[in-house]
**Q** 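Could you have a look at this structure, given as structure tokens, before my questions?
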Amino acid sequence: MPSLGSDMEAGTLLEWRIAPGDAVSRGDVVAVVDTFKGAIDVEIFETGVVEEILVPVGEKVPVGTPLARLRVEGEPAAAPVAAAPAAPVPAAAAVAPPAAVPAPGGRLRASPAARQRAAAAGIDLATLRGSGPQGALTLADVERAIAVRPAARAMAPAERLAGMRQAIAAAMLRSKREIPHYYLGTTLDMARALAWLEEENARRPVTGRLLAGVLLLKAVALALRQAPELNGHWLDGGFRPGSGIHVGTAIALRGGGLVAPALHAADAATPDQLMAELRQLVQRARAGSLRSSELADATITVTSLGEQGVDTVYGIIHPPQVALVGFGRIAERPWVVDGRVVARPLLQATLSADHRASDGHRGARFLALVESLLQEPETL
Amino acid sequence: MSTVTTTYREAIREAIREALRRDPRVFLMGEDVGAYGGCFAVSKGLLDEFGPERIRDTPLSESAFVGAGIGAALGGMRPIVEIMTVNFSLLALDQILNNAATLLHMSGGQFNVPLVIRMTTGGGRQLAAQHSHSLEGWYAHIPGLRVLAPATLEDARGMLWSALEDPDPVLIFEHALLYNQAGTLPADAGAVDIRRARVRRPGRDVSLITYGGSLPKTLEAAGRLAAEGIDAEVIDLRSLRPLDDATILASVAATRRAVIVDEGWRSGSLAAEISARIMENAFYELDAPVARVCSAEVPMPYARHLEQAALPQADTVIRVARGLVRGDG
Amino acid sequence: MSDTPIRDTVLRALGEAVPDADVGHLDPDRRLRDQLDYFDSIDFLNFVEGLHKAFNLDIPERDYPQLATLAGCIDYLQTRLAAR
């Protein structure tokens, strides 16, 4: 069971997309897991052949529990490999439940009637345990699985919201208890960025327009290249730089709660790509169908509350990340340019950073870099 | 409705008596059927009642008197030929297979053979390997024959007349252990349908498919299975050729598990044929492999404990059925 | 085009952009953003795209402020459609 954030302790297996014998490649969605963040598609991080399913549909298991057994390429015999690696948090003890009895050669034993019924009901036999002769799956096993299936249903919205509230509470408490935050703020002059955006959008059809937020995300991602101490995780008493720049984007969910799924390798994406990804991410986050890597991989979080009318965000870091960038609203204000007071669109940017991983000097340079990148929007 | 207390043996005798009375073309012949009253005492008293023209003793020459029966049938008679046991019928196999079963075909439909051959079958009486085998499955292999296996008083009483009405040869297999089975029959019991199998005990969990001498053992097994919560359906095939596929398949489709209990040897058996038909026609209904309980593949032993060990028994049926239903056994 | 079908189409586009919103009871003169919880810039973009598709109308970004209220949307669209 992958950790989809430090605030997750357990997940319920909703659906298997694989069966023993299937070949899988890194990045394939192999299962769907229910969490308070929605029904999350679990991706596999190895390429190989599925040997055995260890957790049946409907079961709730702690983070770190092996979900399936995989034979990776070039490996001769069954080697235990978790279907999805735990995210960078201390993994819970791996407890494998008693598995179904596979026939020699790994083939599933199931009666023809069981197969027929399971196919009709959309039940994956590989997730069941057999009670028939030689451990074979029988019709009764399938009927039982169908009967308990409501237990594998996704959580009700209220339940999910309550779970998410609890998880946010736990994560934020941990953050405030463990992370020595320091806060830096600066005012960004958005005139050039907005002018470039206006010109750009005027040339684009309705469906191809960019939001200012995308420029902010891109500027943050690029600036992080030169501020690696802000991009990564604090784990086991030390800082681990992120393997890429995966910018978690705080998305408020309708009805309450929020998630911050990652835009992978945001520094390498064009604004158009980021825009498309962001729209997708928002849509899927609100539909409750994110992917495991999106929830597990973020190396920093960006939160923008300007649309709600606030000027400044004083953010709390999402552990085990070590930094959070907050953006307020863009508003016209007096600003001094060349000795003259002029009206300029201004934006308050703040950095909340973990003092264990970085110092204010580095944080200040990072914000300055964001500012200067936004002065050359065409290069973003 | 008034009933009579009777036995399997008496029911067959009553059926022969009725046939002799109803149709002057009917006569009985075989080894010791007259003066001795039949090796299993089935025809006792019939010689006195009907005289030596219609109750005819024959020499110990199965090929000859079965051949005579075929000739009589071709000549317009309705002979009932009794062969002492199925073991000895092999001496007449040429007559049965090459003549009785094929003449209609060889004559281009001109000559049918309305012959009924009765014989005992089966073990369990310590008569050793030359008197105890169950070879009816072999006859069920032959096109041109109808093969019946009465397992109840009603069928013992009623199958003979229906067989005599068939224009083609019919073999009736009477399991030797059934002759003393006692019970009641309606006073007016008579001909029965000989085309369909019967559900002798309805059940939901497993179909026990059997016939003849194994029916009582199978019913006993079903009763004991019920005590442990397994609801077994018992099917009495009654006709071994042709097989009533519809009844078998309907039962298996409902219970999804089948055990075939057949006193013949397993290899190339009637049980194998039934199993194959279930696979061919009801594969997707099955929730467990088809299982068979057959005789051990040895010449039937004389010693009682060895003979009992070689024959299908209720205990074996219970163990196998339990294994299919519960996965243990 | 009278304002009723325009109004209906606007509300449909709004409902599609903000699936959980109760668009039946909107004050036509208050800002949409103030009446709809979680109506963010991406939702707004989706809303404009919906209008663009429904009316086959190119809506330049500089006109976005006119779409801030329901009444504003209807006025704007009536004007634009009449000019066509």
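Note on naming: letters A, B, ... go to the chains in the order of the sequence lines (proteins, then strands), and numbering restarts at 1 for each one. What you see below is based on every heavy atom in this structure, not just the backbone, and it leaves out hydrogens, waters and symmetry mates.
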**Q** Within a radius of less than 6.0 Å around CD of Gln130(B), do more than 12 heavy atoms belonging to other residues, nucleotides or ligands occur?
**A** no
**Q** So which atom in Leu139(A) and which in Asp287(B) form the shortest heavy-atom distance, rounded to 0.1 Å?
**A** N-OD1, 2.6 Å
**Q** Is Ala140(A) in contact with chain B via its backbone, its side chain, both, or neither, using a 4.5 Å heavy-atom distance?
**A** backbone
**Q** What distance separates Phe283(B) CZ from Ser111(A) OG, expressed to the nearest 0.5 Å?
**A** 9.0 Å
**Q** Determine which residues belonging to residues 268-282 of chain B lie within contact range of chain A, meaning some heavy atom pair is under 4.5 Å apart, and list them by number or answer 'none'.
**A** none
**Q** Looking at His141(B), I'd like to know if its NE2 atom is crowded, meaning that more than 12 non-hydrogen atoms belonging to other residues, nucleotides or ligands lie closer than 6.0 Å.
**A** no
**Q** Which heavy atom in Ala113(A) sits nearest to a heavy atom in Arg256(B), and how many Å separate them?
**A** CB-NH1, 3.4 Å
**Q** Taking everything shown except Arg195(B) itself, do over 12 heavy atoms lie less than 6.0 Å from its CZ?
**A** no
